[in-house]
Each structure stands twice: as C-alpha cells, then as structure tokens.
Amino acid sequence: MRVGVVVQPQEPDAVEFAQAAEAIGVDSLWAPEIWGYDALTGLSYLAARTTRIGLGTFVVQLGSRTPAMLAGSALSLQQLSGGRFTLGIGVSGPAVMEGWHGVPFGKPVQRTRETIDIVRMVMRGERLRYDGQEYRLPLPDSRGAALVPALLPAELPIYVAAMGPANLRLTGELADGWLGNAFIPELSDVVLGPLAEGAARVGRNLDALDLVAPVALEVTDDPARTEALIAEHAAGYAFTIGAMGAGKENFYNRAFARLGFADRIDEVARLWQAGDKAAARAAVPLELGGLTNIIGDPDRIAERVRAYREVGVGTLLAKVSGTVDERIDALAVLVKAARA
C-alpha cells in the first residue's frame, strides 16, 4: 500500500516538508485547489526541489480551464518533473464553479467524460477535433482550426474525484484512479459497487484503478486524546455538511445519506443554516470522525490500515498538521503500517 500526503506548496516550510517526506518513503505529494491558490504552479515548484516523489492534484476543478489548456499544463508538469505527475480532476460544485469561476455548472458527469477524452487526445498528439455536448472543437461556425498539439506525446495518469453513482461509474470506466472523500472501509460497497460497474463496461476489473482514500492522520498513545480527536474531526464535517452547496446540490450530503446517515446529516445541515454552528458541530455523527480518518496509537493505526487494504485501497492520502517534525513522525508510523 502506498502513502501520499496533502501539501500546500505556498507554506514557508513546504520544501523542507516535501524533502523530508520523500526521505522517509512517502510515495506522493498532493496539492489542493479550492478557491485560492492553483494546484499546478505550486507542484511545479516542489517538483524542482524533489527527485523521486510523485506529484498529484486533488483536485483541479473541471471548467476552470479549457480541456486543451488543462492538458497542456498537465503535460508540461509531467515533462518537467520527469514523469512524476498524476492529474487529479473533479467537478467541484455550483457554488464554486458559478460563484468563483463564473462558469455554468452544467452537466458535470458529461463534462468529466469529455475532458478526459480531450486530454487523452492531446496526450496522444492527435489533431484536435471533438464533437461533444459540452465541448465542440473547433468552435462551430468560427475561424477556429483543428490543430495538432505542439508538444511531445506522453502518458499521464488521470484520477477522478467522484462521489455520486453516475460519476463513480464513469470513473470505473475511464480513469486510472479514484480519489475518494469520506470513505469508510466498512461501508465500501456503496462506492466500490458503482466503480466496479463502470469498470465492467469496458471489460476490466476494479483492481485496474488505484483507489485513493484521503484520511486525517493523528498519532497518539492516549485513549482519551484519541476520542477527543475523533470528536474534533467529526465536528469538522459540519462546515462541509452545512455550507458546501445547498440542499440537494450538496454532493457530500448525498454521499453521507447513501452511507446511512441521512437523518442525522439533515439535522446538521438544518442547524448550520439556522446559524447554530456549535449545535451543528455537536450533531455530526462520531462515526464520520472515527471511520473516515486514521487516529490513535500505532496498533490502532495498523488495524485501520488493514481495513483499507482489505477492500482494495491502494493509496492512503494523509492530511497531517503540526511542525515539520511532528508531521514526519506521524507519517513514519503510517508508512510502517502501510508497508507491513
């Protein structure tokens, strides 16, 4: 099992941390992109300061760049890093796409399919002609030309962040990997079922995909501290539940409902949107804090790692906090468990 870690390349200690993570055997660094710094620029900087560690985006928002621009940027980083880059993509949501980027949210699953198609055409060096629902190239009734990419063809892994069944099936069908969120190994069939269905459409098995599970990583030998951290991470979901979209447009809430938490999640959303954020945090099910993260002493961490491995997760993507030394010490525990 591989271990990745989330990084923010703009932080003052990012290079020191990246180099230390590489030295202890962490497999990959992943940069986020929400509504602030972009992911690709920072990863380019870290690529120049490291030698072996993989680099990935979690995630580039589809629609914020044209597919051709995304392909060119990704292939630039792939070449400059010596083939270490993985393109992680996701559709985000209407609040970000329409509020931050000014781009209609449209048909997210179809946009994902067409973006993957176009990026792979550029990767292969094919003349860019595409007749899709979201993208038509060249633009019809325009002065546009069907151009041949002015770059060397190259392979580039594409991972998709997906939560809904339709997007999960698409990921199983087309992607090289899946980027999960709020993944619970004990309830893995909820997401692995649609992924497997999509893979079967093209005659492959689920093991053709790298399944990436993000987890907050906290190492402590104190049982009381373990319980407190679980509660803290559960409470942290209140923002996601209450603010990341509205009503049925909150894709996290739909996913939590499919996991069996519908009534309790609805109450969290109601409290948050009513302005009672403290009550909303207290109402988040503790299971979301404990089962979607890896928290506790080394034995408990090893146990949770086994649970992820047994359902086919290939990469644990750790989110760690603290000083560089504290983060590296925690990652060393996870690397040891993952290699066992």
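Predicted model only: the values in this text are computed from it and were never measured. FYI, the numbering just counts along the sequence from 1.
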Worksheet item: Are Phe58 and Glu33 side-chain neighbours, meaning at least one heavy-atom pair lies under 4.5 Å?
Response: no
Fill in: Residue Glu232 excluded, over 12 heavy atoms near CD under 6.0 Å
yes
Discussion item. Could you check whether Arg136 makes a cation-pi contact with Tyr130, meaning its NZ or CZ is under 6.0 Å from the centre of the six-membered ring and within 45° of the ring axis?
Written reply: no
Practice prompt. Could you tell me whether the side chain of Thr323 and the main chain of Glu326 form a donor-acceptor pair under 3.5 Å?
Written response: yes
Worksheet entry | Nearest-0.5 Å distance, CG of residue Leu75 to CD of residue Glu155 | 10.0 Å
Worksheet item: Is the shortest side-chain N to carboxylate O distance from Arg304 to Asp299 below 4.0 Å?
Response: no
Fill in: Residue pair Thr292 / Tyr237, side-chain donor-acceptor N/O under 3.5 Å
yes
Worksheet item: Hey, are the side chains of Val212 and Tyr159 touching, using non-hydrogen atoms and a 4.5 Å cut-off?
Response: yes
Worksheet item: Donor-acceptor pair, Asp222 side chain versus Ala224 backbone, under 3.5 Å?
Response: yes
Worksheet item: Can you check whether Leu229's main-chain N or O pairs, donor with acceptor, with Glu218's side chain at less than 3.5 Å?
Response: no
Worksheet entry | Flag side-chain contact, heavy atom, 4.5 Å: Phe256 against Asp266 | no
Worksheet item: Do the side-chain N and O atoms of Arg84 and Ser28 include a donor-acceptor pair separated by under 3.5 angstrom?
Response: no
Worksheet item: In terms of side-chain geometry, is the basic nitrogen of Asp117 or Arg129 positioned less than 4.0 Å from the acidic oxygen of its partner?
Response: no
Discussion item. Can you tell whether the side chains of Arg49 and Glu22 come within less than 4.0 Å, N to carboxylate O?
Written reply: no
Item to complete: For the pair Arg306 and Glu303, find out whether any cationic side-chain nitrogen is under 4.0 Å from an anionic carboxylate oxygen.
Response: no
